[in-house]
Number of protein chains: 2
Amino acid sequence: MAIAKTNEFEKEAIYLADIAKALSHPARIQILKILTEMNVCMCGDIVELLPLAQSTVSQHLKELKRVGLIKGDIDGPKVCYCVSPESLNKAKKEFEIIFNHYTCKGAKSCRTKKK
Amino acid sequence: MAIAKTNEFEKEAIYLADIAKALSHPARIQILKILTEMNVCMCGDIVELLPLAQSTVSQHLKELKRVGLIKGDIDGPKVCYCVSPESLNKAKKEFEIIFNHYTCKGAKSCRTKKK
DNA sequence: ATCGTTCATCGTAAATATACGATAGATAAA
DNA sequence: TTTATCTATCGTATATTTACGATGAACGAT
């Protein structure tokens with residue numbers, strides 16, 4: 001990537017991009033779905049539901065944990081995963097801000113301003 | 001990436017992940033913001049507002065175009081970019097579905113089911 | 001026809017992401 | 001203590017992303 005310029009952008013943009021990155025793989029979207037639909041949260045259960053190896057699923061879980069969207073409680077040899085309602089709510093609100101902001105104002109097409 | 005397993009996931013998850021990927025870089029978040037705040041849409045304007053070379057900005061614009069979040073109208077030697085309200089709205093609704101779905105149901109913590 | 005402007009694309013380099021098997025650590029059960 | 005189970009991490013291979021400069025294509029203006 002040559003030299004990452006990540007730090008030269010706006011804080012809000014960096015936060016949103018980071019959440020979006022965590023959501024940018026189908027496996028991670030499905031993991032979020034699984035974690036809420038079943039309230040069983042074991043890694044092994046998820047592995048059975050996805051076409052991926054255990055180690056790969058573990059990596060995806062780690063990425064979701066990194067941004068705080070899920071939590072993992074150690075329960076003996078198992079780890080019990082669940083979504084974090086707080087951070088999911090925060091992300092929801094942040095995304096609403098861009099989406100609403102942009103959809104409200106952005107209706108004017110380029111075509112209209114051709115001089 | 002070894003062999004991409006992208007096609008073995010659910011359709012909705014693939015779509016959402018793809019939109020999220022397009023939003024997963026601060027530059028692209030800021031581009032969306034710029035395109036709606038100013039209704040001037042030239043690539044050159046955006047280049048001046050971001051710490052990136054023209055060719056890099058062009059690549060980011062291409063990615064946003066790929067998923068349909070923005071459109072580019074050719075206007076002589078210039079290209080006039082603007083957001084696509086329709087596809088932005090669609091993305092907004094899809095994200096609401098996961099976020100609402102997940103935040104409504106997912107409140108139960110792992111801790112509660114320890115047997 | 002030539003020049004300047006605007007933008008996309010090409011070529012390339014380096015960083016990240018994705019995926020797997022193998023292994024290690026932690027705990028429950030025997 | 002030994003064994004089985006569950007998960008994280010390591011090492012590794014390959015694909016993708018990010019970034020830049022250079023070049024090329026399209027157009028307006030001279």
Side-chain angles (χ1 to χ4, degrees), chain A residues 1-9 13-14 17-18 20-31 35 40-67 70-82 110 114-115, chain B residues 1-9 13-14 17-18 20-31 35 40-67 70-82 110 114-115:
Chain A
M1 188 210 294
I3 298 130
K5 300 227 167 166
T6 313
N7 294 324
E8 299 176 35
F9 297 99
I14 293 170
D18 205 36
K21 198 179 71 172
L23 299 174
S24 73
H25 194 287
R28 293 196 288 269
I29 297 281
Q30 286 188 222
I31 288 172
L35 283 187
V40 184
C41 318
M42 279 184 38
C43 174
D45 299 328
I46 297 168
V47 172
E48 283 178 18
L49 294 169
L50 295 179
L52 296 171
Q54 180 268 323
S55 57
T56 307
V57 170
S58 194
Q59 275 185 52
H60 284 305
L61 288 167
K62 191 179 179 183
E63 173 68 8
L64 288 170
K65 256 194 299 186
R66 184 185 64 81
V67 296
I70 67 173
K71 292 180 294 187
D73 288 324
I74 294 168
D75 178 17
K78 309 175 183 178
V79 175
C80 183
Y81 283 102
C82 60
C110 302
K114 211 169 171 181
K115 65 154 180 288
Chain B
M1 188 212 295
I3 297 129
K5 300 227 165 165
T6 313
N7 293 323
E8 300 175 36
F9 296 99
I14 294 169
D18 204 37
K21 198 180 72 173
L23 298 173
S24 73
H25 194 288
R28 293 196 287 269
I29 297 280
Q30 284 189 224
I31 287 171
L35 283 187
V40 185
C41 319
M42 277 183 40
C43 174
D45 298 329
I46 297 168
V47 173
E48 284 177 18
L49 294 169
L50 295 179
L52 296 172
Q54 180 267 323
S55 57
T56 307
V57 171
S58 194
Q59 276 184 53
H60 285 305
L61 289 167
K62 193 181 179 181
E63 173 69 6
L64 288 170
K65 257 195 296 185
R66 183 185 66 79
V67 296
I70 67 172
K71 292 180 294 186
D73 289 324
I74 295 169
D75 178 17
K78 308 176 184 178
V79 175
C80 183
Y81 283 101
C82 58
C110 302
K114 212 169 173 183
K115 62 153 180 286

**Q** Could you pull out every donor-acceptor pair under 3.5 Å between side chains of residues 47-61 of chain A and any protein atom, sequence neighbours left out?
**A**
from: His60(A); atom 1: ND1; to: Arg28(A); atom 2: NH1; distance (Å): 2.9

**Q** Answer yes or no: is there a side-chain heavy-atom contact under 4.5 Å between Leu23(B) and Ile29(B)?
**A** yes
**Q** Got a sec, which residues hit salt bridge (Lys or Arg N to Asp or Glu O under 4.0 Å) with Asp18(B), two or more places apart in sequence or on another chain?
**A** Arg66(B)
**Q** Which whole-number value in Å describes the distance from Leu52(B) CG to dT17(D) C1'?
**A** 13 Å
**Q** With a 4.5 Å cut-off on side-chain heavy atoms, are Glu63(B) and His25(B) touching?
**A** no
**Q** Taking atom C1' of dC7(C) as reference, at what distance in whole Å does atom CD1 of Ile70(B) sit?
**A** 13 Å
**Q** Generate the contact string for nucleotides 2-11 of chain D. Rules: B means base contact, S means sugar-phosphate contact only, - means no protein heavy atom under 4.0 Å.
**A** ---BBBBB--
**Q** Starting at CD of Glu63(A) and ending at P of dT18(C), how long is that distance when rounded to a whole Å?
**A** 7 Å
**Q** Taking atom P of dC7(C) as reference, at what distance in whole Å does atom NZ of Lys71(B) sit?
**A**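 From Lys71(B) NZ to dC7(C) P: 18 Å.
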**Q** Could you check how far CG of Asp75(B) sits from C1' of dA25(D), rounded to whole Å?
**A**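 Nearest whole value for this atom pair: 17 Å.
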**Q** Please tell me which of the listed nucleotides, dT18(C), dG21(D), dT18(D), lies nearest to the side chain of Ala53(B)?
**A**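 Side chain of Ala53(B) sits closest to dG21(D).
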**Q** In this structure, how many angstroms lie between the C1' atom of dC7(C) and the CD1 atom of Ile74(B), rounded?
**A** 9 Å
**Q** So, do Leu35(A) and Cys82(A) sit near enough that their side-chain heavy atoms are less than 4.5 Å apart?
**A**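 No, side chains not in contact.
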**Q** Rounded to whole angstroms, how far apart are CD on Glu48(B) and P on dT5(C)?
**A**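 From Glu48(B) CD to dT5(C) P: 13 Å.
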**Q** Could you walk me through whether Asp73(B) and Val79(B) pass the side chain to side chain contact (heavy atoms under 4.5 Å, CB included) test, one step at a time?
**A** CA-CA 6 Å; Asp73(B) 289 324; Val79(B) 175; over 6 Å; no
**Q** Ignoring backbone atoms, test whether His60(A) places a side-chain nitrogen or oxygen under 4.0 Å from the OP1 or OP2 oxygen of dA17(C).
**A** no
**Q** On DNA chain C, check which nucleotide each of Lys21(A) and Pro51(A) is closest to and give me the residue with the more 5' one.
**A** Lys21(A)
